[in-house]
Amino acid sequence: MSKKIIALIPARGGSKRVVNKNIRELGGHPLMAYTIAAAKKSGIFSRIIVSTESKKIAEVAQQHGAEVPFLRPDEYAQDHSPDIDWIFHLLNTLHAEKEDYDCFSILRPTSPFRQPETICRAWTAFQEDSGVDSLRAVEKCSQHPAKMWYVQGRRMSSVISNPDPQGTPWHSSPYQSLPEIHVQNASLEIAYCHIPLRQRTIAGKNIMPFITNEYEGFDINLPEDWFLAEYLINHELAHLPEI
């Protein structure tokens, strides 16, 4: 029996570092339009819902084919609001309307180079693992945490250390000799709906990696990220989903 999955696209209106980034134009269209297009063309979602407290963002989302069945309450749209708050509220609201689904996928609009094929690849992998609670996109670290430090006054200590006390300290070892470490990116997450509803977490305990390729996991958070995205597009080094 096939599982029913919905796409959840979070798009707050209060972005500070890149003002109005979710609806700012990139490559001729609002940034969030590329995530909506990729979700639609993947063909896997029963619904594509944008979660926002902004009427303007809601209007742009609907113009590009997403649903905004209700606005996100302001208390779940603050700078420090965790994802679990708006997801829990959204899934519970749908449940009250007798709209229940097996799984959800978080697709953040700040990853414009995520393709429909990226989403399909992740969904296939998720369904093939019977013991998983959630899937999260990751990529290999470019800056290794073994070379990072906690600074405490006039001293500092390594974030992670070589477990072999006789071995070379990891902070003094070549990158190539260190254990391979991955960092999460913002391109996608998939989980069963019962995980946030029963456990108040969006990930659960059994989390599987989804390793993104090339620029699938590229995330726009800072002004320099925006300039780099434009450079990649203009020099055909990365490609946006078709709209």
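Sequential numbering from 1 along the given sequence is applied to the chain's residues. We use all heavy atoms of the structure for the numbers below, so side chains are in, but hydrogens, waters and symmetry mates are not.
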*Asks:* Judged by modelled atom types alone, do Asn185 and Thr212 share a side-chain donor-acceptor pair under 3.5 Å?
*Replies:* yes
*Asks:* Minimum heavy-atom separation for Gly65 to Ile36, with atom names?
*Replies:* C-CG2, 4.2 Å
*Asks:* Using 0.5 Å steps for rounding, measure from the CD atom of Gln115 to the CZ atom of Arg121.
*Replies:* 10.5 Å
*Asks:* Which heavy atom of Gly131 sits nearest to which heavy atom of Asp129, and what is that distance?
*Replies:* N-OD1, 3.1 Å
*Asks:* Should the ring pair His194 and Tyr192 be called parallel, tilted or perpendicular, given that the plane angle runs from 0 to 90° and is split at 30 and 60?
*Replies:* parallel
*Asks:* With a 3.5 Å cut-off and no angle check, do the side chains of Glu216 and Ser187 form a donor-acceptor pair?
*Replies:* no
*Asks:* Quick one: are Phe70 and Leu90 in side-chain contact, heavy atoms under 4.5 Å?
*Replies:* yes
*Asks:* Counting neighbours of NE2 on His95 that are heavy atoms of other residues, nucleotides or ligands and sit closer than 6.0 Å, is the number greater than 12?
*Replies:* no
*Asks:* Are the side chains of Leu228 and Phe218 in contact, using a 4.5 Å heavy-atom criterion?
*Replies:* yes
*Asks:* Are side-chain heavy atoms of Phe210 and Ile190 found at a separation under 4.5 Å?
*Replies:* no
*Asks:* Going by the angle between their ring planes, with limits at 30° and 60°, are Tyr175 and His144 parallel, tilted or perpendicular?
*Replies:* perpendicular
*Asks:* Taking a hydrophobic cluster as the set of Ile, Leu, Val, Met, Phe, Trp and Tyr residues connected by side-chain heavy atoms closer than 4.5 Å, whether directly or through intermediates, do Ile9 and Ile243 fall within one such cluster?
*Replies:* no
*Asks:* Determine the sole option in Leu107, Leu188, Ile48 for which the side chain to side chain contact (heavy atoms under 4.5 Å, CB included) test with Thr35 is passed.
*Replies:* Leu107
*Asks:* Are Trp86 and Leu91 joined in one hydrophobic group, where the rule is that I, L, V, M, F, W and Y side chains link up if heavy atoms are under 4.5 Å apart?
*Replies:* yes
*Asks:* Can you tell me how far CG of Leu26 sits from CD of Glu230, rounded to the nearest 0.5 angstrom?
*Replies:* 6.0 Å
*Asks:* Please determine whether the number of non-hydrogen atoms from other residues, nucleotides or ligands lying under 6.0 Å from atom CD of Glu214 exceeds 12.
*Replies:* no
*Asks:* Tell me the closest heavy-atom pair linking Met148 and Gln143, and the distance in Å.
*Replies:* CE-O, 3.5 Å
*Asks:* Do Leu197 and Leu94 belong together in a cluster built from hydrophobic side chains that touch within less than 4.5 Å?
*Replies:* yes
*Asks:* Rounded to the nearest 0.5 Å, what separation is found between the OG1 atom of Thr52 and the CD1 atom of Ile57?
*Replies:* 4.0 Å
*Asks:* Side-chain heavy atoms under 4.5 angstrom apart, residues restricted to Ile, Leu, Val, Met, Phe, Trp, Tyr: same cluster for Ile211 and Met208?
*Replies:* no
*Asks:* Answer whether the closest heavy-atom distance between the side chains of Lys147 and Leu178 falls below 4.5 Å.
*Replies:* yes
*Asks:* Please give me the minimum heavy-atom distance between Arg108 and Arg114, naming the atom from each residue.
*Replies:* O-NH2, 2.6 Å
*Asks:* Minimum heavy-atom separation for Val159 and Pro145, please, with both atom names.
*Replies:* CB-O, 3.7 Å
*Asks:* I need the minimum non-hydrogen distance between Leu71 and Ser54, along with the two atoms involved.
*Replies:* CD2-O, 4.0 Å
*Asks:* Is the number of heavy atoms from other residues, nucleotides or ligands under 6.0 Å of Tyr231 OH greater than 12?
*Replies:* no
*Asks:* Just checking Trp149 against His171, ring centres under 6.0 Å apart?
*Replies:* yes
*Asks:* Is there a donor in the side chain of Ser51 and an acceptor in the side chain of Arg72, or the other way round, less than 3.5 Å apart?
*Replies:* yes
*Asks:* Could you tell me whether the side chains of Asp219 and Asn221 share a donor-acceptor contact shorter than 3.5 Å?
*Replies:* yes
*Asks:* Between Cys193 and Asp100, is any pair of side-chain heavy atoms under 4.5 Å apart?
*Replies:* no
*Asks:* Measure the spacing between CG of Asp102 and CD1 of Ile6 and express it to the nearest 0.5 Å.
*Replies:* 10.5 Å
*Asks:* When rounded to the nearest 0.5 angstrom, what distance separates OH in Tyr215 from CG in Leu240?
*Replies:* 13.0 Å
*Asks:* Could Glu53 and Arg12 be called an ion pair, given the rule that one side-chain N must be under 4.0 Å from one carboxylate O?
*Replies:* no
*Asks:* With a 4.5 Å heavy-atom cut-off, do Ile207 and Leu135 have their side chains touching?
*Replies:* no
*Asks:* If the threshold is 4.0 Å, N to carboxylate O, is there a salt bridge linking Arg200 and Asp85?
*Replies:* yes
*Asks:* Is there a path of hydrophobic side-chain contacts, each under 4.5 Å between heavy atoms of I/L/V/M/F/W/Y residues, joining Trp226 to Phe113?
*Replies:* yes
*Asks:* When you compare the side chain of Ser158 with that of Trp170, does any pair of heavy atoms fall below 4.5 Å?
*Replies:* no
*Asks:* Checking side chain to side chain contact (heavy atoms under 4.5 Å, CB included) between Ile5 and each of Trp123, Phe104, Phe126, Tyr101, which is the one that passes?
*Replies:* Trp123
*Asks:* Just so I know, are the side chains of Lys4 and Cys103 near enough to count as touching, which here means a heavy-atom distance under 4.5 Å?
*Replies:* no
